[in-house]
Structure formats: C-alpha cells, structure tokens
There are 2 protein chains.
Amino acid sequence: MTSEAEPREKLRAAGFRVTRTRLIIGHRLWNGPDSRHVDVAALHTDIQASGEKVSLATIYNTLRDFERAGLIRRIAVASDRIWYDTDTGNHHHFHDMSENRLFDVPGASCEPHSLPEPPDGYRITKVDTLFHLEKVR
Amino acid sequence: MTSEAEPREKLRAAGFRVTRTRLIIGHRLWNGPDSRHVDVAALHTDIQASGEKVSLATIYNTLRDFERAGLIRRIAVASDRIWYDTDTGNHHHFHDMSENRLFDVPGASCEPHSLPEPPDGYRITKVDTLFHLEKVR
DNA sequence: CTCAATGCAAAGTATTTGCAACCGA
DNA sequence: TCGGTTGCAAATACTTTGCATTGAG
C-alpha cells in the first residue's frame, strides 16, 4: 500500500523540494501504517534511534510546513504537545491522557457529522472528535 | 440565573476553602453567561483590568484545581494555550483559530454522540467535538 | 493557632526565530 | 549559481514548582 517512492511524490506534488531532511521525516510519516499519530519529540527520538540526524527545530518547522500544505493534519488534544495525524480526513480519536497516547477509533464507523450551521462569514474547515479515556479500576 | 452567592457555594461544595482569590476567579467564571470559555492569560488580564490582583501562577494553579474538582472542564483545542469551559457537560465548540476564539455551537442541537466501544480496560470519560472555522474570503 | 492557600520568582518545557552554512534544481 | 533549506543557538511562549508569607477556620 505504501512504497518508497511515495514520500518523494507527495513532497513534489505539494511543491516542496525533495531534500534529505524531508525524506527522512516523510518516510516515517507515510511508509508505515495508514494512520499514524505523532508528536514532535517522539518523531525526533525515532529518527535519532535509527541513526539519522535531524534537528528538533527543523522537525517542528517541517511538520508545520507539511500541515500548511495539507499533507498532515494537526489534531485538537488537551495536551502540552502538538499532535499530528497522517490521516487528513475527519475521523475520531481516543486519547489516553495518563500515557499521552492517541489512536484512531477503530472501525470505519466514523459516520460523517451532521455539520452545524457555521456563524455568518465563516465556514467549517474540519472537525475533531476526541474521546477521553481513563483506565478502569 | 446566577447569583453572587453561587461561587461561594460551589467552592464549599467542592471542598475548597473560600478565599479572596478563589472568589475573584469564581466570580468571573460563574457570574456571567451560562457558558464561558477562558484561557488563563485572558482571565488574568480581565482581573487586572477590574483593579483586582491575582498572580498569573495562582490563576493557573486555581483553574487546574477547579478542573480536578470537576467545577470546570478543560477543552481539547489545537492551540498553544489551555482552554477551560464553565459548562462541564459534553457539548460542541466552534474554534476560530485566526482570532483564538472559542464558542459554543448554538442551539440545544448537541445530540449526544453514539459512543464507540472503548478499548479493553478503559472507559470514556468525556467527548470533545470541535469545529474549526475559517473566515470566508 | 494551624495548616491550607497565595504571591513571586525561578525553573521547566514546548515551540519559534534569526542567521550563517549548505545543497538541490 | 541561486534561492530554498537546514542546523544551531538563542529567544519566546506557556505552565509548573519551591518556598516564604499570609489568612481562613
């Protein structure tokens, strides 16, 4: 479903130059499971663990750029970190705050919301639905 | 619908001592419109503007305490600030990121979500639904 | 009186910015 | 080569903590 070439194409299609750094990041975003949830620190750790090297600031900047280009999506979470999702469509999330983990509500059961009427002069660009989890017992 | 005495009672009911600081904050939270959305900085500015004085750190701490006690609720927003809502029930929000404004989706039309099945060992404690707004044109 | 509550400053994180060095097209 | 990119350090938030002082019960 994913291929080595995909990040390259995605970058080019979005008008980005294909650079070492963007490939390293794009690789981790798009060559894994279909939907991947990342925060900057974890991605940085990940990259370092694999022996590659990208500065933390650059990861912040690159993910911000990717988001602006619509390649990834920022998720609304009550957390001290920014979370991104590689799935840019509207879908629901579970959030386990105690472990700072975020994952999709499984099943294709994410029926599209019946959107409310936006205030005058505005339009709705995306919807975040977040279910907060707590460990039982 | 709201009265001067309400903050006092709310505090006591939640087991808090009734102090000057908590009254100042509680006053602003519960003596206004039914649902009020605040971020710490704005509340601080507000309090200062009225001639009263509560330190920023204390506002942070107090709101955190109030949230733990269930008096207010933290909202999931993709923002660089913490947002609280005086309405602790599950309801939907509009978020205008360009102005950092947050408000309720009007109408009682906030049909309860059909909750998904939580992962084993977890239960769902609350639901945040956020509609991102963008100015048209 | 006593211990919780507060103010303040300092510490801790998370995120962004400025700019020189670098590199893809 | 040229202008977009990156790394790094420093700057900026935002939020929490530590501790001496205050004040509610």
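Every value quoted in this text rests on a predicted model; they were computed, and no experiment measured them. We use all heavy atoms of the structure for the numbers below, so side chains are in, but hydrogens, waters and symmetry mates are not. All chains are named by letter (A, B, ...) in the order of the sequence lines, taking the proteins before the strands, and each is independently numbered beginning at 1.
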Between CG of A:D65 and C1' of D:dG4 the distance, given in whole Å, is 11 Å

In whole angstroms, the gap separating C1' of D:dG23 from CZ of B:R20 amounts to 11 Å

- For residues B:L43 and B:V54, determine if any side-chain heavy atom of one lies less than 4.5 Å from a side-chain heavy atom of the other. no

Closest non-hydrogen contact found for B:R73 with B:V127 is NH2-O, 2.7 Å

Check this one for me: any side-chain N or O of A:R22 less than 4.0 Å away from OP1 or OP2 of D:dT6? yes

Between CH2 of B:W83 and C1' of D:dC14 the distance, given in whole Å, is 14 Å

A:Y60 OH to D:dA9 P, in whole Å, measures 17 Å

- Message: Quick check on D:dT5: is either OP1 or OP2 less than 4.0 Å from any side-chain nitrogen or oxygen of A:T58?
- Response: no

Taking atom types as modelled, find out whether B:D128 and B:H93 have a side-chain donor-acceptor pair closer than 3.5 angstrom. no

Query raised in the report: At under 4.0 Å, does any side-chain N or O of B:R64 touch on OP1 or OP2 of D:dC14?
Result: no

Per-residue pairing states of DNA chain D in dot-bracket (Watson-Crick or G-U under 3.5 Å; . unpaired, | other strand) read |||||||||||||||||||||||||

Of B:L56 and B:R17, the one whose closest nucleotide on DNA chain D sits nearer the 5' end is B:L56

- Task: For B:A57, answer base if it contacts any base atom (sugar-phosphate contacts may also be present), sugar-phosphate if it contacts only those atoms, and nothing otherwise; contact means non-hydrogen atoms under 4.0 Å.
- Result: base

Side-chain donor-acceptor pair under 3.5 Å between B:N31 and B:R36, yes or no?
no

B:H44 NE2 to D:dC14 C1', in whole Å, measures 14 Å

Chain B vs DNA chain C, heavy-atom contacts under 4.0 Å, first-to-last nucleotide span, 5' to 3', is C:dA4 to C:dA9

Checking A:D39 against A:N100 for the side-chain contact (heavy atoms from CB on, under 4.5 Å) test, could you report, in this order, the C-alpha distance in whole Å, the side-chain angles of both residues, the deciding distance, and whether it holds?
CA-CA 10 Å; A:D39 66 280; A:N100 229 330; over 6 Å; no

To the nearest angstrom, the CG-P distance between B:N61 and D:dC14 comes to 17 Å

Here the pair of heavy atoms bringing A:P118 nearest to B:F94 is CA-CZ, 4.0 Å

B:N100 atom CG is separated from D:dA13 atom C1', nearest whole Å, by 13 Å

From CZ of B:R81 across to P of D:dT15 the rounded distance in Å is 8 Å

| task | Name the orientation class of the two ring planes belonging to A:H92 and A:F131 (parallel below 30°, tilted from 30 to 60°, perpendicular beyond 60°). | result | tilted

- Phosphate contact (D:dT6 OP1 or OP2) by A:S55 side-chain N/O below 4.0 Å: no

